[in-house]
Protein chains: 2
Amino acid sequence: MAEHEELQAMRLLIDLLADKWTIAVLASLCGGGGAQRFNAIRRAVPTISQKSLVTCLKRLERNGLIERVVMTTGELAVEYRVTPLGRTLDDPVAALLQWSAMHSPAVRAARHTFAERVAADAGAWGREPLAAA
Amino acid sequence: MAEHEELQAMRLLIDLLADKWTIAVLASLCGGGGAQRFNAIRRAVPTISQKSLVTCLKRLERNGLIERVVMTTGELAVEYRVTPLGRTLDDPVAALLQWSAMHSPAVRAARHTFAERVAADAGAWGREPLAAA
DNA sequence: CCGTATCCCACGAGATACTG
DNA sequence: CAGTATCTCGTGGGATACGG
């Protein structure tokens with residue numbers, strides 16, 4: 001799978017994608033042709049909080065995946081756009097997407113099996129172990 | 001990139017891989033031919049704590065990616081082995097690995113650029129803003 | 001050897017209120 | 001419109017000690 005330092009490099013990418021909103025934000029950005037304004041993203045990802053969106057955007061910017069562009073029109077307007085580096089995420093994200101489509105049902109099934117097995121184990125030696133606590 | 005429900009399925013996979021140790025543990029398991037004993041994994045991933053390893057293994061088991069096998073020899077011995085479902089992770093993980101190899105230097109470079117830019121912005125309007133706090 | 005139990009801290013993230 | 005500032009809570013994870 002991987003040997004030693006590759007793991008560390010991979011953590012970098014995983015940490016990039018792992019937080020709760022990054023993928024959704026990126027999807028919104030790409031959906032908007034690669035650029036969106038702050039509140040447009042908020043509307044596209046309705047359940048995100050302001051704070052989380054700001055944090056998320058800052059991280060993406062810090063890592064060079066998106067760019068923050070202050071528009072020079074009269075009103076205050078800021079646009080976020082995906083950089084070329086950000087575009088390169090398409091490949092790994094596509095791989096994740098494909099795996100999810102193919103195997104996530106199996107994972108859900110495994111969870112149910114596991115839950116039942118645990119319940120059976122609990123029932124095998126005594127009733128209501130939780131009540132004893 | 002992705003539209004609506006795919007995101008939720010992807011979260012499942014990301015959550016699987018996101019915690020600090022899963023990838024390393026999986027790598028150790030695969031390195032051991034697909035099966036390793038508890039303390040063998042610990043030695044392979046020296047900086048992990050007992051607690052974290054237990055937690056990590058439980059999650060992997062719960063999601064059907066590995067199997068816990070109690071050996072029926074005299075001494076207490078437990079082996080963890082990758083399931084067929086677990087093997088299917090090779091594809092997405094390989095994609096992550098490849099991206100990391102190709103682009104992680106660019107991310108690190110972006111971080112430095114960003115840090116310098118921030119420092120320049122800070123220096124432009126006043127010295128030692130941190131000292132003021 | 002293979003864990004469980006407890007304490008403790010850091011951090012992600014929601015809610016809410018305020019500013020340029 | 002595009003943020004910043006606090007508060008608070010839940011959880012991940014390290015350290016340590018104990019149990020089967």
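Keep in mind that what you see is a predicted model, and the values were worked out from it rather than measured. Order of the sequence lines fixes the chain letters, A, B, ..., with proteins taken first and strands second; residue numbering starts at 1 for each chain.
- Checking side-chain atoms of A/T113 against main-chain N and O of A/A109 turns up a donor-acceptor pair under 3.5 Å.
- On the nucleic acid side, DNA chain C contacts chain B at distances under 4.0 Å to non-hydrogen atoms, with the end points of that region at C/dC1 to C/dC7.
- For A/S28 (side chain) and A/I41 (main-chain N/O), no donor-acceptor pair under 3.5 Å exists by modelled atom type.
- A heavy atom lying under 4.0 Å from DNA chain C marks the following residues of residues 40-52 of chain B, by number: B/Q50, B/K51.
- Shown here are the side chain to side chain contact (heavy atoms under 4.5 Å, CB included) partners of A/N39, two or more places apart in sequence or in another chain: A/R42, A/R43.
- For B/E79, the side-chain hydrogen bond (donor to acceptor under 3.5 Å, both in side chains) partners two or more places apart in sequence, or in a different chain, are B/R81.
- The side chain to side chain contact (heavy atoms under 4.5 Å, CB included) test applied to A/A77 returns A/R37, A/M71, A/T73, not counting sequence neighbours.
- Side-chain heavy atoms closer than 4.5 Å link hydrophobic residues (I, L, V, M, F, W, Y) into clusters, and following such links, even through other members, never connects B/L76 to B/V69.
- Take B/K20 and apply the side chain to side chain contact (heavy atoms under 4.5 Å, CB included) test, not counting sequence neighbours, and it matches no residue.
- On the nucleic acid side, DNA chain D contacts chain B at distances under 4.0 Å to non-hydrogen atoms, with the end points of that region at D/dG13 to D/dG20.
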Donor-acceptor contacts under 3.5 Å from residues 45-52 of chain B side chains, at least two apart:
from: B/S49; atom 1: OG; to: B/S52; atom 2: N; distance (Å): 3.2
from: B/S49; atom 1: OG; to: B/S52; atom 2: OG; distance (Å): 2.9

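- Scanning residues 57-71 of chain B for heavy-atom distances under 4.0 Å to DNA chain C yields B/K58, B/R68.
- Direction of the helix axis in the helix from C/dC1-D/dG20 to C/dG20-D/dC1 shifts by 40° between the two five-pair termini, rounded to 10°.
- For A/D15, the side chain to side chain contact (heavy atoms under 4.5 Å, CB included) criterion is met by A/R11, A/R59, not counting sequence neighbours.
- Every residue two or more places apart in sequence or in another chain was checked for a side-chain hydrogen bond (donor to acceptor under 3.5 Å, both in side chains) with A/E67, and none qualifies.
- The shortest side-chain heavy-atom distance between A/N63 and A/L85 does not fall under the 4.5 Å cut-off.
- With hydrogens and angles ignored, the 3.5 Å screen pairs no side-chain donor or acceptor of B/W21 with any backbone N or O of B/L53.
- Mapping A/E75 and A/V54 onto DNA chain D by nearest heavy atom places A/E75 closer to the 5' end of the strand.
- At distances below 3.5 Å, at least one donor-acceptor pair connects side-chain atoms of A/S100 with backbone N or O atoms of A/L96.
- Residues B/A18 and A/I14 share a closest heavy-atom pair of CA-CG2, 3.8 Å.
- Interatomic distance, CG of B/L16 versus OG of A/S104, reported as 10.5 Å (0.5 Å rounding).
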